[in-house]
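Report on one structure; see the data block that follows.
When reading the values below, keep in mind they use all heavy atoms of this one structure, side chains included, and skip hydrogens, waters and symmetry mates.
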Amino acid sequence: RQQWAHWLCRSLTCISKKNDYSIGWHAVCVHVEKVKSFAPKVDHYVADVFVGPLKSPLLSAKGVEDVNTTGVLHSGMFTATPLDVSAPSCALDTEGVIHQKWMM
């Protein structure tokens, strides 16, 4: 779950930069929820992710202050997303197509 949240945040930050959004925008995942399971090892999750400037009242309201990078908030603790975070086993490939390498 945490790897997926970090991968999602890193991906959203890269998309915002590619689309010429404001410099200094980052993604911060503030909540991840498991919705359901389709099969063993195949789960559906949703995430609440803030994408925008880090000096936002929306982040302050979630208790995220003095953060200067993309990351995940979990149990009140912020963890910065590594630059080299790997995609989860079931995620989109570089062309935006879902892959499930773990099934092969």
Side-chain angles (χ1 to χ4, degrees):
R1 182 187 307 200
Q2 292 299 309
Q3 179 189 1
W4 176 75
H6 282 290
W7 171 81
L8 177 63
C9 288
R10 177 65 58 214
S11 299
L12 291 172
T13 299
C14 291
I15 289 168
S16 71
K17 289 178 182 177
K18 285 181 186 175
N19 289 306
D20 295 327
Y21 286 105
S22 175
I23 294 173
W25 278 27
H26 294 276
V28 176
C29 180
V30 295
H31 181 75
V32 177
E33 186 79 31
K34 181 178 177 181
V35 177
K36 60 183 170 181
S37 178
F38 294 103
K41 298 185 181 181
V42 181
D43 297 320
H44 178 94
Y45 287 93
V46 296
D48 294 328
V49 181
F50 170 84
V51 180
L54 292 174
K55 300 299 180 195
S56 168
L58 294 172
L59 286 179
S60 295
K62 293 283 186 182
V64 180
E65 296 177 14
D66 298 326
V67 170
N68 61 2
T69 189
T70 291
V72 175
L73 181 67
H74 180 68
S75 298
M77 298 227 7
F78 179 82
T79 305
T81 297
L83 292 174
D84 62 346
V85 66
S86 60
S89 61
C90 182
L92 299 179
D93 66 14
T94 56
E95 274 108 49
V97 178
I98 195 160
H99 66 80
Q100 297 175 337
K101 294 178 183 176
W102 57 271
M103 294 180 78
M104 298 177 189

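For S11, there are no side chain to side chain donor-acceptor pair (under 3.5 Å) partners at least two apart in sequence or on another chain. A5 is linked by a side-chain contact (heavy atoms from CB on, under 4.5 Å) to C29, V32, V72, counting only residues two or more places apart in sequence or in another chain. By the side-chain contact (heavy atoms from CB on, under 4.5 Å) test, K34 pairs with R1, S37, D43, Y45, sequence neighbours left out.
Across every non-hydrogen atom of F78 and V28, the tightest pair is CE1-CG1, 4.1 Å. The two residues T13 and A27 come nearest to each other via the heavy atoms OG1-N, 3.2 Å.
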One pair to check against side chain to side chain contact (heavy atoms under 4.5 Å, CB included): T70 and H6. What are the steps and the verdict?
CA-CA 8 Å; T70 291; H6 282 290; over 6 Å; no
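Here D48 contributes atom CG and E33 contributes atom CD; the two are 9.0 Å apart, rounded to the nearest 0.5 Å.
Side-chain contact between V49 and V30: absent, with no pair of heavy atoms (C-beta onward) separated by less than 4.5 Å.
Without hydrogens or angle criteria, R10 side chain to T81 main chain gives a donor-acceptor distance under 3.5 Å.
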